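All remarks here apply to the structure that follows.
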Amino acid sequence: MVPITIRGLTRRFGDVVAVNRVDLDIAAGELFFLLGPSGCGKTTLLRMVAGFTSPNEGAIALGGQDVTHLPPQKRHTGMVFQGYALWPHMTVWQNVAFGLDVRKVAASEKAARVERALKRVQMLPYAQRRPNELSGGQQQRVALARALVIEPHVLLLDEPLSNLDAQLRAQMRSQIRQICKDAGITALYVTHDQKEALAMADRIAVMREGSVVQVGPPRQLYSRPASRFVAGFLGETNFVSAEVMGRQDGCAVLRTTAGVLHAGVFPDDLPDTGNVTCSIRPEAIRLCRDGDDREAPPSVAGRNHFPATLLEATYLGEIAQHRLRVGGQLELTAFELNPAWVDAPSQSLRITIDPADVVVLGD
């Protein structure tokens with residue numbers, strides 16, 4: 001296991017800055033994700049770590065060794081591509097062994113390493129099949145075995161699940177994470193799929209327009225986004241415009257069109273006055289019918305209770321999505337897990353929001 005250190009990494013294509021002075025520290029054995037929309041620079045950054053693209057500025061170190069100007073074959077990295085890149089005329093065994101053949105590994109050692117790699121991805125029974133005789137998920141596991149068989153210091157994965165259907169992607173997430181952890185390998189993984197990153201990563205770097213805008217564990221990025229971009233990119237959220245009125249009992253007190261809102265998460269440099277934007281996740285909104293006498297959780301007693309009107313309800317199986325009007329103008333989306341009711345519009349109800357789930361964004 002080796003750490004990855006990236007300092008001031010920049011890549012320009014003509015007048016376009018694809019990657020803009022990126023700094024990252026990736027721990028040994030970490031499964032680290034680069035997440036962002038198409039064109040944000042994540043694949044270019046991965047290709048610079050792999051050695052396929054040269055940076056204009058900056059440095060890359062693997063395990064403390066500067067590899068910025070080394071060719072790919074001398075970086076001791078394994079790469080898993082989006083399109084698998086398997087040789088169609090070769091068997092699974094031959095595909096996995098290819099990298100060892102290039103490195104002129106002795107036959108006895110090669111056989112042991114190929115067998116070990118195929119066992120790790122549960123593909124040894126398919127060793128004599130060709131790629132066109134395999135499913136998409138099986139081909140992806142072969143591509144992973146081919147990258148692991150050379151025993152790389154770092155594994156690089158470029159959107160490896162994007163060609164699979166939704167059900168197979170969900171299955172492969174846990175398998176790839178387990179394989180990386182069992183191998184004890186440092187992995188850098190590129191995706192634009194938020195659920196994939198949240199489900200698999202130890203930490204995530206969210207990228208936008210060539211820059212890293214926030215780094216952290218999945219739960220922290222989801223529940224404590226630092227900006228409107230991160231909040232909106234990582235799942236659904238409600239953006240609420242508000243005016244700062246002051247602070248009380250560890251909360252920011254805000255004025256909104258629906259009334260006073262208490263926010264438990266806010267920047268250290270929150271101004272005493274001024275306009276801000278809040279993020280409230282739909283699943284953080286608790287719905288009650290008028291007349292329901294169940295008590296609010298103690299942490300929110302007396303705070304963030306609002307009358308609301310149900311405008312629209314959509315049943316989605318495991319959840320129902322409700323569109324609400326709160327006050328005269330504010331509209332919010334709320335999720336009801338394991339829905340017990342999907343009522344007709346215009347029903348009156350109440351909502352409760354824990355201040356800890358109201359995040360004042362930094363931009």
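Not measured: the values here are computed from a predicted model.
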One should read off an interatomic distance between L124 CG and R116 CZ, to the nearest 0.5 angstrom, of 12.5 Å
Over 12 foreign heavy atoms within 6.0 Å of CD, E151:
yes
Cation-pi, Y222 ring and R281 (6.0 angstrom, 45 degrees)
yes
Should V212 and L35 be regarded as members of a common hydrophobic cluster, given that ILVMFWY residues are connected when their side-chain heavy atoms come within less than 4.5 Å of each other, either directly or indirectly?
no
Identified side-chain hydrogen bond (donor to acceptor under 3.5 Å, both in side chains) counterpart of E336 within the set H322, Q321, R286:
H322
Kindly say whether T333 contributes a backbone atom to a donor-acceptor pair with the side chain of N238 at under 3.5 angstrom?
yes
Neighbour count above 12 (heavy atom, 6.0 Å) for D182 CG:
yes
Locate the shortest heavy-atom distance separating I6 from L45; write the atom from each residue and the value.
CD1-CD1, 4.3 Å
Donor-acceptor under 3.5 Å (D193 side chain, E196 main chain)
yes
Do other residues, nucleotides or ligands put more than 12 heavy atoms under 6.0 Å from K181 NZ?
yes
Please tell me whether T237 and S279 have a donor and an acceptor in their side chains that are separated by less than 3.5 angstrom.
yes
From OG1 (T91) to OH (Y126), nearest 0.5 Å:
15.5 Å
I'd like to know if L157 and M79 are part of one continuous hydrophobic network [Ile/Leu/Val/Met/Phe/Trp/Tyr, side-chain heavy atoms within less than 4.5 Å].
no
Side-chain donor or acceptor of Q178 paired with backbone N/O of Q175 under 3.5 Å
no
Value rounded to 0.5 Å, distance of NE2 in H262 from SG in C278
12.0 Å
Under a 4.5 Å cut-off applied to non-hydrogen side-chain atoms, are K42 and L46 in contact?
no
Which pair of heavy atoms, one from V80 and one from Q140, lies closest together, and at what distance?
CG1-OE1, 3.2 Å
Counting only heavy atoms not in R21 (residues, nucleotides, ligands), do more than 12 fall under 6.0 Å from its CZ?
no
Decide if atom CZ of R325 counts as having more than 12 heavy atoms of other residues, nucleotides or ligands within a radius under 6.0 Å.
no
Do D202 and R177 come close enough that some side-chain heavy atom pair is under 4.5 Å?
yes
Heavy-atom distance under 4.5 Å between the side chains of T77 and P72, does that happen here?
no
Could you check whether any side-chain N or O of N275 sits under 3.5 Å from a backbone N or O of E243, counting only pairs where one atom can act as donor and the other as acceptor?
no
Show every salt bridge (Lys or Arg N to Asp or Glu O under 4.0 Å) that has at least one partner inside residues 127-150, sequence neighbours left out.
none
Is the ring pair W87/F98 parallel, tilted or perpendicular, if the boundaries are 30 and 60 degrees?
tilted
Using the rule given for side chain to side chain donor-acceptor pair (under 3.5 Å), can you reason through T191 versus E159, listing the C-alpha separation, both sets of side-chain angles and the distance that settles it, and then say yes or no?
CA-CA 5 Å; T191 186; E159 305 212 40; 4.7 Å; no
Mark yes or no for whether R113, through its side chain, and L100, through its backbone, hold a donor-acceptor pair below 3.5 Å.
no
Can you name the closest pair of heavy atoms from L168 and G137 and give their distance?
CD2-N, 3.4 Å
Assess whether side chain to side chain contact (heavy atoms under 4.5 Å, CB included) is satisfied between M48 and I60, documenting all intermediate values.
CA-CA 8 Å; M48 286 192 283; I60 305 164; 4.2 Å; yes
R173 and K195: CA distance, side-chain angles, deciding distance, side chain to side chain contact (heavy atoms under 4.5 Å, CB included) verdict:
CA-CA 10 Å; R173 288 174 194 158; K195 288 186 178 179; 4.0 Å; yes
Is there a path of hydrophobic side-chain contacts, each under 4.5 Å between heavy atoms of I, L, V, M, F, W or Y residues, that connects V154 with I179?
no
Does any non-hydrogen side-chain atom of L198 lie less than 4.5 Å from one of L221?
no
Taken to the nearest 0.5 Å, the spacing of H69 NE2 from S54 OG works out to 8.0 Å
Could you pull out the closest heavy-atom pair between N304 and V260, with the gap in Å?
OD1-O, 4.1 Å
Side chain proximity check, T277 to V240, heavy atoms < 4.5 angstrom
no
Taking it one step at a time, do T10 and V19 satisfy side chain to side chain contact (heavy atoms under 4.5 Å, CB included)?
CA-CA 5 Å; T10 300; V19 175; 5.8 Å; no
Should F32 and I204 be regarded as members of a common hydrophobic cluster, given that ILVMFWY residues are connected when their side-chain heavy atoms come within less than 4.5 Å of each other, either directly or indirectly?
no
Are the side chain of S211 and the backbone N or O of V213 linked by a donor-acceptor pair below 3.5 Å?
no
First locate atom SG of C251, then atom CZ of F266, and finally report the distance between them rounded to the nearest 0.5 Å.
7.0 Å
Below 4.5 Å, heavy atoms only, C-beta onward: do V265 and V360 meet side chain to side chain?
no
F13 six-ring centre to R11 NZ/CZ under 6.0 Å and within 45° of normal
yes
Side-chain heavy-atom pair L155, T186 within 4.5 angstrom cut-off:
no
Could you report the tightest heavy-atom contact between I26 and R203, atom names first, then the distance?
CA-NH2, 4.0 Å
V244 vs D272, test: side chain to side chain contact (heavy atoms under 4.5 Å, CB included). Steps then yes/no.
CA-CA 6 Å; V244 179; D272 294 330; 5.8 Å; no
Quick one: do F306 and V253 end up in the same hydrophobic cluster if we chain Ile, Leu, Val, Met, Phe, Trp and Tyr together by side-chain heavy atoms under 4.5 Å apart?
no
Any donor-acceptor pair under 3.5 Å linking the side chain of R75 with the backbone of V67?
yes
Going from CG on L24 to CG on L34, what distance comes out if it is rounded to the nearest 0.5 angstrom?
6.5 Å
Closest non-hydrogen atom pair between L361 and R228, with its separation:
CD1-CA, 3.6 Å
Does the side chain of E57 come within less than 4.5 Å of L9's, by heavy atoms?
no
